Amino acid sequence: MRFIIIGAGAVGGVIGGRLAQGGNEVVLVARGAHLTALRENGLRLVTPSGTATLAVPAIADPAELGELRADDLLVLAVKSQDTMAAVAQWGRAPVAGGGTAADRVALVCAQNGVENERVAQRVFRTVYGLCVWLPATHVEPGIVVAHTAPMSGILTLGRYPHGSDSVIGEFGKRLAASNFDAPVVDDVMRWKYGKLLNNLGNALLALLDTSTDPAADLWQACRAEGEAVLNKAGIAYNTEAERQAVQGDRMRMQSIEGAARNGGSTWQSLARETGSVETDYLNGEIALLGRLHGIATPVNDLLQRLVTEHALARRRPGDLPPSRLRAMLG
C-alpha cells in the first residue's frame, strides 16, 4: 500500500511524514514554494522529540506518477474549498491494468468539515472519512510541526457514510504504527460532526486579539448555535466527554522552542496570506443548516463573513478586539 498525500500542509505533512518514518511508501503532493522546498530540501518534520528531515518524493500532480497502482490509497488533506478540484483531477488519473482512480482507487478525506466526503463520492466509488485531531502548524515552506506527545494525533477512521472494511482497517494499523492513535469506527461522520463543533472556534482564534480578553462568551454562543442546529436537523455528534475519554493522556500539547502553536488551520491560512479560507465549510455549514431548519445563527453568520473578508483583504490574524465583535452582534 502506497500513500499519496494530496495536500502536504500541516495535517497532510505530519501524516505523510510520520507514515514515512514508519517505513511506509509515501508521496507528497504540494504546490508553490512549499513544493519547491520539499523537492530541494526534503520535508522538515518538527516534533516535541526533535526535528527530522525526510527525503519523501514530492509532486505537483498525478501526471508525474504515471499510472497509479490499484492498491494506492489517496489521502486528501487539502482545505475544503479545494476538494472538488482535487478529486476531479485525481479521479481522472489512469490506473495500471486499466480504468481510472475514480473507479479503482480508494480515497480518504483527512479534512475538517463534513462536506468533503459527499463531494468526493460524486467522483470516487470508495470514500472514507477521517476525523482529524492533530494540532499541527505549517507556516513556512518545507516545514510542518506536530505539537503533541506521546501521540502526534488521534485519527478516527471509517467508511463513508458508515461502516468499515479491510482497507481502512489496514490504514488504521499503519497509522497506529506511526505515532498516531487510529481507531476504526462504523460511525465516522458522527465524530466528524463533533469535530465540526470544535472547529467553529477556528474563526474566533483567527480574528480576535484575545491577549487581554479571552472571549469565552463568544465561543460559547458560537458552539451553542452549532449544537442547536445539529439537534434540530437530527444529526448525531460525539460529545466532548467521549472525545476526552478517547484522548486521555495520549495527546498532550508540548512546548517546542522556536515553533509556537499560535493558531489553528484558519489562523494559519490568514498568516500565510493565502487569500482563501475554509470557513464556508465550518461556520458556514452551521449557517446553512440553520437556514434549512429555521434556526437563527447570527454568530456563525458573522464569523463566516468576517473571516472571508479578512482572507480576501489579506489581513493578518488576530487584529479584531472581542468588544468590536460583540458590538457587531448587538
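Hydrogens, waters and symmetry mates play no part in the numbers below; they use all other heavy atoms, side chains included. Not measured: the values here are computed from a predicted model.
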R250 side chain to F180 backbone, donor-acceptor under 3.5 Å | no

Give a yes or no on whether the backbone of M251 and the side-chain of Q247 come within a donor-acceptor separation of less than 3.5 Å.
-> yes

Kindly say whether N112 contributes a backbone atom to a donor-acceptor pair with the side chain of K195 at under 3.5 angstrom?
-> no

Would you say the side-chain atoms of Q244 pair up with the backbone N or O of G248, donor to acceptor, closer than 3.5 Å?
-> no

Would you mind reporting whether R31 and D61 have side-chain heavy atoms less than 4.5 Å apart?
-> no

Check whether any side-chain N or O of D213 sits under 3.5 Å from a backbone N or O of A215 as a donor-acceptor pair, and report yes or no.
-> yes

F3 vs M1 side-chain heavy atoms within contact, under 4.5 Å | yes

Would you mind telling me which of L303, T279, T266 makes a side chain to side chain contact (heavy atoms under 4.5 Å, CB included) with L207?
-> L303

What are the two closest non-hydrogen atoms of P298 and A296, and how far apart are they?
-> CD-C, 3.4 Å

R44 atom CZ, over 12 foreign heavy atoms within 6.0 Å | no

Got L230 and Y193 here, is their nearest side-chain heavy-atom distance under 4.5 Å?
-> yes

Side chain to side chain donor-acceptor pair (under 3.5 Å) assessment of Y237 paired with N231 = CA-CA 9 Å; Y237 55 92; N231 290 337; 3.1 Å; yes

Are any non-hydrogen side-chain atoms of E242 and W191 less than 4.5 angstrom apart?
-> yes

Do R104 and D72 meet the salt-bridge criterion of a basic N to acidic O distance under 4.0 Å?
-> no

Joint cluster assignment, V132 & L19, ILVMFWY side-chain distance < 4.5 Å = yes

Do the side chains of V139 and V277 join up, straight or via other hydrophobic residues, at under 4.5 Å, putting them in one cluster?
-> no

May I have all residue pairs that pass ring pair (Phe, Tyr, Trp, His ring centres under 6.0 Å) and include part of residues 113-146, sequence neighbours excluded?
-> H34-H138

Mind checking whether V114 and L282 sit in one hydrophobic cluster, side chains of I, L, V, M, F, W, Y counted as touching below 4.5 Å?
-> yes

Tightest non-hydrogen contact, residues A86 and V78, listed as CB-CG2, 4.4 Å

When clusters are formed by joining ILVMFWY residues with side-chain heavy atoms under 4.5 Å apart, either directly or through shared neighbours, do L205 and L218 land in the same one?
-> no

In sequence, state the C-alpha distance, the side-chain angles, and the governing distance for E227 and K232, and then conclude on salt bridge (Lys or Arg N to Asp or Glu O under 4.0 Å).
-> CA-CA 9 Å; E227 291 181 353; K232 182 65 180 293; over 6 Å; no

Heavy-atom pair with the smallest gap, counting every atom of S269 and K79 | OG-CE, 3.8 Å

Is a donor on one side and an acceptor on the other found under 3.5 Å between the side chain of R39 and the backbone of A58?
-> yes

Main-chain N/O of L200 paired with N283 side-chain donor or acceptor, under 3.5 Å = yes

Determine, using the 4.5 Å side-chain heavy-atom cutoff (strictly less than), whether M189 and L289 are members of one ILVMFWY cluster.
-> yes

Okay, side chain of R261, backbone of A136: is any donor-acceptor separation there less than 3.5 Å?
-> yes

If you count the non-hydrogen atoms of other residues, nucleotides and ligands that lie under 6.0 Å from CZ in R326, is the total more than 12?
-> yes

Contact check, side chains of N202 and S265, non-hydrogen atoms, under 4.5 Å = yes

State, yes or no, whether a side-chain contact exists between T239 and R243 at a heavy-atom distance under 4.5 Å.
-> no

Output yes when a side-chain donor or acceptor of D301 lies under 3.5 Å from a complementary backbone atom of Q304, and no otherwise.
-> no

Determine, step by step, whether L157 and V185 satisfy the side chain to side chain contact (heavy atoms under 4.5 Å, CB included) criterion, reporting the C-alpha distance in whole Å, the side-chain angles of both residues, the deciding distance to 0.1 Å, and the verdict.
-> CA-CA 6 Å; L157 306 154; V185 299; over 6 Å; no

Are the side chains of V27 and L65 in touch, meaning some heavy atoms are under 4.5 Å apart?
-> yes

If you count the non-hydrogen atoms of other residues, nucleotides and ligands that lie under 6.0 Å from CZ in R2, is the total more than 12?
-> yes

List, by chain and number, the other hydrophobic cluster members for V145, where Ile, Leu, Val, Met, Phe, Trp and Tyr join if side-chain heavy atoms come within less than 4.5 Å, directly or indirectly.
-> V46, I143, I256

Carboxylate-amine/guanidinium contact D209 R324, below 4.0 Å | no

Sorted by chain and residue number, the salt bridge (Lys or Arg N to Asp or Glu O under 4.0 Å) partners of D71 (sequence neighbours excluded) come out as none

With L134, which of I154, T148, L155 fulfils side chain to side chain contact (heavy atoms under 4.5 Å, CB included)?
-> L155

Can you list the steps and then say if V29 with I5 is a side chain to side chain contact (heavy atoms under 4.5 Å, CB included)?
-> CA-CA 6 Å; V29 182; I5 313 295; over 6 Å; no

If every non-hydrogen atom of S152 is compared with every non-hydrogen atom of A146, which pair is closest and at what distance?
-> OG-CB, 4.1 Å

Scanning both residues in full, the closest heavy-atom pair of R174 with N24 reads NH1-OD1, 2.8 Å

Is a donor on one side and an acceptor on the other found under 3.5 Å between the side chain of E117 and the backbone of E115?
-> no

Residue pair A110 / V75: nearest heavy atoms and the distance that separates them = CB-CG1, 3.9 Å

Quick one: are H147 and P48 in side-chain contact, heavy atoms under 4.5 Å?
-> no

For side chain to side chain donor-acceptor pair (under 3.5 Å), just list the numbers for Q81 and S276, CA-CA rounded to whole Å, side-chain angles, deciding distance to a tenth of an Å, and then say yes or no.
-> CA-CA 8 Å; Q81 66 269 24; S276 175; 2.8 Å; yes

